[in-house]
Amino acid sequence: MPPSLDTIPFDIHFVIISYLSLEDVVRVGKACRQLGSILRESTLCRKTVETSANFSNEAKLARNGKLTWQDALQRIYLRKAAFSAGDPFSACVIGQGTQFIYEQGVLCTLLEGDKITIQNLHYHERPPISIMVMEMLKSKGYCMRYEHYAIELLHYSHAILSLGLHSEDSEEESEEEEEEEKLLVVLSFSKSGTITRPPLVRQLESRDKLFVRNDSNYLYYGTHSRLGTRGHHEWVIRGTGLKKTHTLPQDNYMQLEDFVGSEIGTTVTFQIHDGYFYALSNQTSFTVEEVDWTSLYTVFRFPLDKPDRKAVEVNTKIFRREHAEGPIHDLWTDLSLQVDERTNELIICESRREWLDGGSKQSRTFYTQHIWFPEKIIEEEEGEAAGSATGANSSETALYPAGDLFVNVIGSENNPHYIPSEPRQPHQVHEEFAKNEARSFILAKTKFRTYNMSCSTFLDLVEDTECCPLSPNGCLRLRIGARRDMSWENSERNYQTITLNPDASARDAARRLYSYSRINLWPPLAPSPQEADSRHQILNPRTDPTVSPSNYCSMHVSGISDERSLVYMIRPARARSESDHIGDIVLIAFDPFMRVEPHGEDSGKSGTLWRREQCSWQIESVENPRRAGTIV
C-alpha cells in the first residue's frame, strides 16, 4: 500500500506540528481534509496555543473553561490574520464624547458635563454603565469645596476607574495655584455595574502630567512635579492599597532621581506587570551632551507591596542605540512597554525615524529590547544585607571607546555615556520599508501610530488626500504593514550573535529571515462608490451640523490601540481642548467576536456600523475572507 497521510500515526503528526507556529499550524490544517481533522483535536490545539500564545486572553479563557482550545486557537488566528492583513472584521461609530480611554476591552467615555459611560466591548452580556460623577460623590457624603470641577479620565484597569478633578469656579481663583483644588477619585465597579466600595479620594499637590496605573490590589499615581538635585523636575510616585488585605503606608512616596524624560509615550512610559511597577526612559541626560557615544534605556522597578527605596531595582545600562547610527527625528518617536503573549515577558517597544549613517533619506524602524536587571550578590555583614551589582553596571566596564579621538577632549563639564556595542538580533529590528516601497505620509498627515508586537505589525491612521471624492480635503485610512517568519526551520531564528555593525547586520538578516507583506491601506478603493462611501463615512464621521466642513479639513485625532482593535476620537480643527467640543468615537475591530454596535445617540443612525458579510467563523473558511461588507 502506498504511504498516505491516513497511515501516519497521530503521534507523528503531533510531534511534527508541535514545532510549527500557530499560524503555520492553521495553514497545515487547510492543506487537505485529513490534516484539517487534526485541528479538531483538543490536545494539539492546547499544545499550539500554550506554545505560541500562552498568556493571551484566549488562552486564559480556555484554561478557565469559558472557551474550548479549538475556539481559542481559532480566535487567536483570526485576529492576528486580520490585523496583519489590515482587513478589519467591523467598524463602527460607537458614540460621542469629549474624552475617552480604552483599556482591557473597556471603553470609558466622558460626555459634556460629568456624565461617564463605561462599555465592555469584549463581553456582550454586560450592559453599558452610566454615572454622574458629582452627583455620585455628593450622594456618598463628600463635601465639595467648589461648585464646578473639570474632569479628566486617567485610567481603567481591573474594573477600577481613575479620574482627575480640579476646580474651575472663577478666573481669579484659577490664577492662584493654591486656590485650585486637585483631586484623584478612584471608583471600583462590580460586573453588574454597581460601585463596590466607597470612592477613594486623594488630594493632589500637583496635576502636572498626572498618570495612574493599577492592578486589582494596588494603585499608583505620579506627577512630574518635584525638583531634583540637578534643578530639573522629576517624577514623584505614590501608591495606595485597594483592599483591606493589601495596604500601604499613608505617606508613602518615591521620587525617581535622575530619571530623565517628561513626555509619556515618547520619552518615558510606566506600567504595572506581574506584581511590579515599571518606569522606563529612553533619555540619559537633562541637557545636550557635546561628547557622547551611546544612548541607553533606564528602567526602575519595585514590588507593588513594597514601595521602598531598598526594594528598587535600577538598570541604566540597557542598550538602545549608538549615536553614530545617525540623527533621530524625535517627533516620530513612540515608546511603550508590551507584554509578550508567549512568555509573559515585558518588552520595550520603540519606533524611531532616523537618518541612518547620516544619510539624506529618513527611514522608520520598530525596535524591541528585553528588560533585565543586574544580579545582586547578598553579603551578610553584622546582620545586614549589602547588595552590589554585577553585569553591565560593573565598574569593570570600559569607560570610553579605545582609540576614539573625542576621548581627549572630555572635560569636567561633560557627562558622556558609553558601553561596548551590543549587536541587535533580527527579531529586534522591523523596518517600515524592508523589501518594498509604498506611499509614505508626513507627520502632519499621520494622526496615530502604534506597533502590535503580538503579530509584528505596525498600524498608522493617516489622512489621505488621494483617496475618494467623499472627503476632498483628506479622509482617514488605516495604513498597515506586517512581517512573519519566512520558514520555521531557519536556524538563524535562534538569534545567533551577530558581531558586525550592530544595526546593519541585523537589518540584512531580518530581510532574509522574514517575509514582509505589502503595506495595505484600508478601506480599499472599492469597485462600488456606494460601498467605499459607506466605509469612509464611518471612519470619517461628520455628524455635527454646527461645524462647517472646512473645519474638518485639519482634524484633531486621538487614539488608543491594543492587540485586537483601534479606538479613536475625531474632532474638527478648532477643538483643541478636550472640553471644547464633542468628538465622534470610532471603533475598528480585528476580532470578529468583539461587541461592535453604536451606543447612545448613534444607535439608531443608518451607516454607523459596517461588518464583513456573514460567514462561518471556522478555520477552514477564512483563508481568504471576503472583503465585502454590509451596512447596518
Side-chain angles (χ1 to χ4, degrees), residues 97-101 103 106 108-118 129-189 194-215 217-226 233 235-243 246-255 264 270 272 277 307 577-580:
T98 58
Q99 298 178 47
F100 82 96
I101 53 176
E103 187 72 27
V106 177
C108 303
T109 306
L110 175 65
L111 303 176
E112 284 185 307
D114 63 343
K115 182 180 179 181
I116 294 176
T117 62
I118 303 173
I129 304 168
S130 295
I131 58 171
M132 304 295 293
V133 176
M134 302 309 298
E135 181 181 327
M136 180 272 301
L137 290 175
K138 292 177 181 177
S139 68
K140 299 294 183 180
Y142 289 93
C143 182
M144 312 303 290
R145 289 170 51 190
Y146 296 91
E147 184 69 23
H148 301 288
Y149 286 81
I151 299 175
E152 180 184 3
L153 299 177
L154 296 175
H155 188 63
Y156 182 94
S157 179
H158 294 81
I160 296 170
L161 175 64
S162 300
L163 308 172
L165 275 68
H166 66 273
S167 56
E168 53 173 9
D169 271 17
S170 64
E171 295 182 359
E172 293 78 9
E173 290 172 342
S174 61
E175 289 176 357
E176 301 183 14
E177 183 71 16
E178 294 78 15
E179 294 296 328
E180 183 185 48
E181 185 176 30
K182 300 171 284 292
L183 301 174
L184 172 67
V185 178
V186 180
L187 307 176
S188 301
F189 295 91
T194 59
I195 296 178
T196 57
R197 61 177 71 99
L200 176 66
V201 180
R202 289 283 188 271
Q203 292 279 348
L204 300 175
E205 294 180 0
S206 170
R207 58 185 181 90
D208 185 23
K209 303 184 186 300
L210 174 64
F211 74 90
V212 176
R213 301 291 185 268
N214 71 272
D215 64 4
N217 299 320
Y218 298 97
L219 179 142
Y220 282 85
Y221 58 96
T223 56
H224 194 250
S225 55
R226 288 283 183 94
H233 282 92
W235 292 94
V236 180
I237 311 297
R238 291 180 170 85
T240 182
L242 297 174
K243 297 178 181 178
H246 298 78
T247 59
L248 295 175
Q250 184 70 26
D251 58 346
N252 75 87
Y253 82 94
M254 186 178 299
Q255 185 167 336
I264 296 178
F270 304 94
I272 283 180
F277 179 92
S577 66
E578 293 183 338
S579 59
D580 184 37

Got a second to check how far [X]'s [atom1] is from [Y]'s [atom2], nearest 0.5 Å?
X	Y	atom1	atom2	value
L163	I116	CG	CD1	4.5 Å
L161	I118	CG	CD1	5.0 Å
L184	L200	CG	CG	6.5 Å
K209	H233	NZ	NE2	11.0 Å
E181	Q203	CD	CD	5.0 Å
L183	L204	CG	CG	7.0 Å

Only counting residues at least two apart or in another chain, list the ones meeting ring-ring contact (aromatic ring centres under 6.0 Å, His included) with [X].
X	value
Y221	none
H224	W235
H246	Y218

Between H155 and N214, does a side-chain contact (heavy atoms from CB on, under 4.5 Å) hold up when you go through it step by step? CA-CA 8 Å; H155 188 63; N214 71 272; 3.1 Å; yes

Looking at residues at least two apart in the chain, or sitting in another chain, which of them share a side-chain hydrogen bond (donor to acceptor under 3.5 Å, both in side chains) with Q250?
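With sequence neighbours excluded, Q250 shows a side-chain hydrogen bond (donor to acceptor under 3.5 Å, both in side chains) to no residue whatsoever.
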
query = Counting distance only, does the side-chain N/O of T98 pair as donor-acceptor with the main-chain N or O of E112 below 3.5 Å?
reply =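 Side chain of T98 to backbone of E112, a donor-acceptor pair under 3.5 Å: no, none is there.
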
- Query: Hey, are S167 and R145 close enough side-chain-wise for a donor-acceptor pair under 3.5 Å?
  - Reply: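 On atom types as modelled, these side chains do not qualify, holding no pair under 3.5 Å.
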
Note to self: Checking Y142 now: which residues fulfil side chain to side chain contact (heavy atoms under 4.5 Å, CB included) with it, not counting sequence neighbours?
What the structure shows: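 Partners of Y142 under the side chain to side chain contact (heavy atoms under 4.5 Å, CB included) test: L137, K140, M144, P199, V201.
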
Please enumerate all residues that pass side chain to side chain contact (heavy atoms under 4.5 Å, CB included) together with T196, with sequence neighbours excluded.
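By the side chain to side chain contact (heavy atoms under 4.5 Å, CB included) rule, T196 matches S188, S190.
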
